[in-house]
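Okay, so here's the structure we're looking at.
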Amino acid sequence: MEISVVVPTYNRRETVLRTLQTLFAQSLAPSRFEVVVVVDGSMDGTADALKALHPACGFQIVEQENRGLAGARNTGYRAARAGLVLFLDDDMLCDPGLVQAHLHAHQGTDSIAAFGAIFLSPDSPPSLAAECFKREIGFSHLQRRANPNLKLELRECIFSNSSILRNRLHELDGFDENFRMREDLEFGIRLFQTGVHPVPLPGAIAYQYYDKTSEDLIRDAEAFARADWLLSQKHPSAKIEGYLSTSNSESSIKHKVRELCARAPAVADLVLGPACTFAERLYNLGPIRRLGVRALRARRRIHWLHRVRELQQSPAEPSGATSA
């Protein structure tokens, strides 16, 4: 057993079953890897569906009460039997060589964390939210495919389709379960301070099925704001472009306009919300779709900033900042 693949899941029975089928069809010999699925309080019959599976590779099903992604990942790596742990999300369709690529990357070194490529699954419902995914996460991986020497920034280190030695996880006591968002970034800050280096693996490809809506992204933005505030309290010296530590020092006109809109995000939504709705209806028209994406990204930033400013005025709240 050389590598353990940890897949946390919560109330996504059919989705995780699709992910597992692509893992069970890996080119790596089944005797060399196992899959550990952590059922994080699911109530949709996920555990029963998993128990009906009998793959050729090692297979563990671990059930627990809902503890969030950080808690599920911690449970998974602690149950893992291999010295190398690969984290995957429950909505990722994996190329046949994905696990092999991660295993190969760690040969001869114990000081890296390997990050595979994540692209939008072609069967994801077309939406502005999916387009944002393509232009953000997907685009960064496309850039790296074109330029393999491109440096991997800390803010890009998402621990989905990523691998690390299990003893490194043990040394840092895994992910901080106070975080329900940004658990990746928080762990990355601690991990890379120990001398571990992030290494991109453009050939380890996963396709993420993305079915979020525009309103889901707005809710996520406010949840990210709470986590970013907590992150700034735990790691005040960390300067990460685009996050709270650098956003407070921005002085551009665009930032000042966002600050003004953030005082009353509901008013901004009166303008930007209909623009998003209109663009969803005319999604196939490229120029309209691009305008809709810009409107949605502006809404996300405004709601994020509004919540950040609320938290800065209520310093007692960060202890509950991860309840989302």
Side-chain angles (χ1 to χ4, degrees), residues 22 86-89 91-102 104-106 109 111-124 126-164 181-189 191-192 196-212 214 217 220-221 224 228 231 238-247 250 252 254-255 279 283 286-287 289-298 300-301 304:
T22 65
L86 165 60
F87 293 108
L88 285 170
D89 285 352
D91 54 0
M92 290 182 164
L93 304 180
C94 308
D95 268 7
L98 183 145
V99 178
Q100 174 72 67
H102 278 278
H104 179 74
H106 289 266
T109 180
S111 60
I112 70 164
F115 295 86
I118 304 172
F119 299 112
L120 183 70
S121 176
D123 61 346
S124 299
S127 67
L128 293 182
E131 190 69 15
C132 284
F133 181 95
K134 287 171 60 177
R135 291 166 182 258
E136 294 166 7
I137 296 176
F139 180 70
S140 68
H141 290 293
L142 283 174
Q143 284 185 308
R144 193 153 287 106
R145 175 185 282 178
N147 183 4
N149 295 321
L150 197 63
K151 181 181 177 182
L152 192 68
E153 301 292 339
L154 176 60
R155 58 187 170 81
E156 298 179 89
C157 296
I158 299 172
F159 284 86
S160 305
N161 191 12
S162 66
S163 56
I164 182 174
M181 296 283 198
R182 300 290 193 230
E183 68 287 326
D184 307 79
L185 184 56
E186 193 284 325
F187 179 70
I189 291 172
L191 177 66
F192 302 135
V196 171
H197 304 287
V199 173
L201 293 184
I205 300 173
Y207 298 92
Q208 189 156 22
Y209 180 79
Y210 201 78
D211 59 358
K212 287 190 175 184
S214 295
L217 294 195
D220 283 353
F224 277 124
D228 287 336
L231 188 73
K239 300 297 181 183
I240 306 157
E241 184 181 353
Y243 289 89
L244 188 57
S245 55
T246 56
S247 295
E250 289 181 352
S252 66
K254 184 183 294 185
H255 179 69
Y283 182 83
R289 181 171 64 249
R290 288 190 287 273
L291 287 174
V293 168
R294 293 180 64 180
L296 177 55
R297 295 176 75 171
R300 288 163 60 195
R301 195 66 177 176
W304 178 87

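As a basis for the values below, the full set of heavy atoms in this structure was taken, side chains included, without hydrogen atoms, waters or symmetry mates. Quick note: residue numbers are just sequence positions, from 1.
Residues L128 and L217 form no side-chain contact, since every pair of their non-hydrogen atoms from C-beta on lies 4.5 Å or further apart. Side-chain contact between F115 and S162 is present, with heavy atoms from C-beta onward closer than 4.5 Å. No side-chain heavy atom of H102 sits less than 4.5 Å from a side-chain heavy atom of V99. Taking the side chain as every heavy atom from C-beta outward, L98 and L86 approach each other to under 4.5 Å. Residues F133 and I118 form a side-chain contact, since some pair of their non-hydrogen atoms from C-beta on lies under 4.5 Å apart. The closest side-chain heavy-atom distance from E153 to S140 is not below 4.5 Å. Counting heavy atoms from C-beta outward, Y283 and E131 have side chains that approach closer than 4.5 Å. L152 places none of its side-chain heavy atoms less than 4.5 Å from the side chain of H197.
Closest of all the heavy-atom pairs between A117 and P202 is CB-O, 4.0 Å. Of all non-hydrogen atoms in A114 and H106, the two that sit nearest each other are CB-NE2, 3.8 Å. Minimum heavy-atom separation, C157 to D184: O-CB, 3.8 Å. The heavy-atom pair separating I112 from A105 by the smallest distance is CD1-O, 3.4 Å. When all heavy atoms of S214 and A129 are compared, the pair lying nearest together is N-CB, 4.2 Å.
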*Output, in order, the C-alpha distance, side-chain angles, deciding distance and verdict of side-chain contact (heavy atoms from CB on, under 4.5 Å) for S160 and Q208.*
CA-CA 10 Å; S160 305; Q208 189 156 22; 5.9 Å; no

Practice item. Would you please test L150 and E156 for side-chain contact (heavy atoms from CB on, under 4.5 Å) and show each step? Key: CA-CA 12 Å; L150 197 63; E156 298 179 89; over 6 Å; no

message: V199 vs T109, test: side-chain contact (heavy atoms from CB on, under 4.5 Å). Steps then yes/no.
response: CA-CA 12 Å; V199 173; T109 180; over 6 Å; no

Evaluate the side-chain contact (heavy atoms from CB on, under 4.5 Å) criterion for residues H104 and L201: first the C-alpha distance (whole Å), next the side-chain angles of each, then the deciding distance (0.1 Å), finally the verdict.
CA-CA 10 Å; H104 179 74; L201 293 184; over 6 Å; no

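Ring pair F192/F159 is parallel by interplanar angle, where below 30° counts as parallel and above 60° as perpendicular.
Not one N or O on the side chain of T22 forms a donor-acceptor pair closer than 3.5 Å with the backbone of L93. Side chain of S127 to main chain of A130: a donor-acceptor pair is present (N/O by atom type, distance under 3.5 Å, no hydrogens or angles). Using modelled atom types, no side-chain atom of S121 and backbone atom of Y209 make a donor-acceptor pair closer than 3.5 Å. In this structure, the side chain of Q100 does not engage the main chain of G97 through any donor-acceptor pair within 3.5 Å. Put simply, the side chain of R144 gets close to the backbone of K151: a donor and an acceptor are under 3.5 Å apart.
Interatomic distance, F119 CZ to L142 CG, rounded to the nearest 0.5 Å: 4.5 Å. The distance from the CZ atom of R182 to the CD1 atom of I158 is 9.0 Å, given to the nearest 0.5 Å. D89 contributes atom CG, which lies 11.5 Å from atom OH of Y210 (distance to the nearest 0.5 angstrom). Rounded to the nearest 0.5 Å, atoms CZ (R145) and CD1 (I205) are 4.5 Å apart.
Around atom CZ of R294, no more than 12 heavy atoms belonging to other residues, nucleotides or ligands sit under 6.0 Å away.
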